[in-house]
Amino acid sequence: MAEPKGPPLTPELYDYVLSHNPSLHPVQQHLVEATRSRFPEVPRLQIAPEQAPFLAFLVRLTGARRIVEVGTFTGLSALSMALAMPEDGKLTACDISREWTDVAREAWAEAGVAKKIDLRLAPAVETLRSLPDEPWIDMSFIDADKISYPVYWEEIVRRTRPGGLIAIDNTLYSGEVVNSWAVGDAAAIQAFNDIVRSDARVDAVLLTVADGMTLAFRRP
């Protein structure tokens, strides 16, 4: 069995990591706090603090102008990517909750990026299937219901341009992906990870970022 090279992520080490990453935009920080206050039962649906600058970094690295997000919640991931996009960029955000995304809209407007974000309130698979069929997506981020990951994956991969990037959250699912007895969402993520690994259309890596994050590069 392989031995991990990295040190255990203690609270002290995690604080150190965050302190050496780009600071959150004031609106991002306010959104983190507002989400925890207004939705204390589901704060883990929000991306981790280190993922916000990471997503922004990926947008700048790829020069992404056309982004699709599946699963928006209160909007931190979309805000992070929109802040990094050029002024003519467009992010299509898919979610089904008006309550959660009303919070997102407030934050996007406050940060001055609302014009870059096209929020679609409908089942994500319906929104994805309504998008142009040709490969045009520069970057996407999947962070929604785990059972549907394979469906979202297929609809997005076929629309991703060669050289485009797909990021997927929660691909370690609290470590439950290693359990042979995994059920529900954990079993769904197990199966999804196998789908990605065997998909000849992409090169993919699974990283130990937050709850696991897979990055897939669309091959030419």
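When reading the values below, keep in mind they use all heavy atoms of this one structure, side chains included, and skip hydrogens, waters and symmetry mates.
Across every non-hydrogen atom of Ile117 and Ala82, the tightest pair is CD1-CB, 3.9 Å. Scanning both residues, Ala216 and Trp153, for their nearest heavy atoms gives CB-CH2, 3.7 Å. Across all non-hydrogen atoms, the minimal contact from Ile189 to Tyr173 is CG1-CD1, 4.2 Å. The shortest heavy-atom contact between Phe192 and Thr171 is CE2-CG2, 4.4 Å. Taking both residues in full, the closest heavy atoms of Pro162 and Pro220 are given as CB-CA, 3.8 Å, listed atom of the first, atom of the second, then distance. Shown here for Leu128 and Cys94, the closest heavy-atom pair between the two residues is CD2-SG, 4.5 Å.
Take Glu126 and apply the side-chain hydrogen bond (donor to acceptor under 3.5 Å, both in side chains) test, not counting sequence neighbours, and it matches no residue. When the salt bridge (charged side-chain N to carboxylate O under 4.0 Å, His left out) test is applied to Arg218, no partner is found at least two apart in sequence or on another chain. Every residue was checked against the side-chain hydrogen bond (donor to acceptor under 3.5 Å, both in side chains) condition with Asp15, not counting sequence neighbours, and none meets it. Listed by chain and residue number, nothing satisfies the salt bridge (charged side-chain N to carboxylate O under 4.0 Å, His left out) test with Asp95 (two or more places apart in sequence, or in another chain). Remark: Glu41 engages no residue in a side-chain hydrogen bond (donor to acceptor under 3.5 Å, both in side chains) (not counting sequence neighbours). Considering only residues two or more places apart in sequence or on other chains, Ala167 meets the side chain to side chain contact (heavy atoms under 4.5 Å, CB included) condition with Phe141, Met213, Leu215. Residues forming a salt bridge (charged side-chain N to carboxylate O under 4.0 Å, His left out) with Asp138 (at least two apart in sequence, or on another chain): Arg66, Arg161.
Under the 3.5 Å distance criterion, the side-chain polar atoms of Ser130 are matched with a main-chain donor or acceptor of Thr127. In this structure, Asp143 contributes its side chain and Gly71 its backbone to no donor-acceptor pair below 3.5 Å. Under a 3.5 Å cut-off, the side chain of Ser148 and the backbone N or O of Asp145 do not form any donor-acceptor pair. In this structure a side-chain-to-backbone donor-acceptor pair under 3.5 Å is present from Lys146 to Ala144. Within the 3.5 Å criterion, the main-chain N or O of Pro26 finds no donor-acceptor partner in the side chain of His30. Between the side chain of Thr160 and the backbone N or O of Ile156 there is at least one donor-acceptor pair closer than 3.5 Å.
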**OP:** Step by step, work out the side-chain contact (heavy atoms from CB on, under 4.5 Å) result for Asp118 and Leu91.
**Re:** CA-CA 6 Å; Asp118 177 16; Leu91 189 157; over 6 Å; no
Subject >> Step-by-step side-chain contact (heavy atoms from CB on, under 4.5 Å) determination, Asp199 to Val196 >> reply: CA-CA 5 Å; Asp199 195 325; Val196 174; 5.7 Å; no
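Contact annotation: the side chain of Val151 approaches that of Arg129 to within less than 4.5 Å [non-hydrogen atoms, C-beta and beyond]. At least one side-chain heavy atom of Pro7 sits under 4.5 Å from a side-chain heavy atom of Leu13.
Atom CD1 of Ile137 is separated from atom CG of Leu165 by 11.5 Å, given to the nearest 0.5 angstrom. We find the CG-OG1 distance between Leu119 and Thr92 to be 10.0 Å, quoted to the nearest 0.5 Å.
For residues 182-196, the set of pairs meeting the salt bridge (charged side-chain N to carboxylate O under 4.0 Å, His left out) definition, not counting sequence neighbours, comprises Asp194-Arg197. Within the structure, salt bridge (charged side-chain N to carboxylate O under 4.0 Å, His left out) contacts touching residues 68-93 (residues at least two apart or in different chains) are Arg65-Asp88, Glu87-Lys115, Glu87-Lys116.
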For residues 99-107, run the donor-acceptor check on the side chains, cut-off 3.5 Å, and write out each pair with its distance to 0.1 Å, sequence neighbours left out.
from   : atom 1 : to    : atom 2 : distance (Å)
Thr101 : OG1    : Ser97 : O      : 2.6
Thr101 : OG1    : Arg98 : O      : 3.4

Name each donor-acceptor pair under 3.5 Å that joins a side chain in residues 175-182 to protein atoms two or more places apart or in another chain, with its distance.
none

For residues 42-54, please give each side-chain donor-acceptor pair under 3.5 Å, one per line with the distance, not counting sequence neighbours.
from  : atom 1 : to     : atom 2 : distance (Å)
Gln46 : NE2    : Thr35  : OG1    : 3.0
Gln46 : NE2    : Thr74  : OG1    : 3.4
Glu50 : OE1    : Tyr14  : OH     : 2.5
Gln51 : OE1    : Ala48  : N      : 2.8
Gln51 : NE2    : Asp169 : OD1    : 2.9

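In the hydrophobic clustering of ILVMFWY residues, with side-chain heavy atoms under 4.5 Å counting as a link, Met139 and Tyr152 come out apart. Clustering ILVMFWY residues whenever any of their side-chain heavy atoms sit less than 4.5 angstrom apart, transitively, puts Leu79 in the very cluster that holds Leu24. Residue Ile195 is grouped with residue Leu172 when hydrophobic side chains (ILVMFWY) are merged at heavy-atom distances under 4.5 angstrom, including chains of intermediate members. Taking hydrophobic clusters as Ile, Leu, Val, Met, Phe, Trp and Tyr residues chained together by side-chain heavy-atom distances below 4.5 Å, Ile142 shares a cluster with Trp136. Residues Leu206 and Tyr149 fall within the same hydrophobic cluster, defined by Ile, Leu, Val, Met, Phe, Trp and Tyr side chains chained together at heavy-atom separations under 4.5 Å.
Between Arg159 and Glu134 there is no salt bridge, since no side-chain N of the basic residue sits under 4.0 Å from a carboxylate O of the acidic one. A salt bridge does not link Arg158 to Glu154: none of the charged side-chain nitrogens sits closer than 4.0 Å to a carboxylate oxygen.
Using cut-offs of 30° and 60° for the angle between ring planes, the Phe39 and Phe73 rings count as tilted.
Here the options are Val202, Val205, Ile168, the test is side chain to side chain contact (heavy atoms under 4.5 Å, CB included), and the partner is Thr214; only Ile168 passes.
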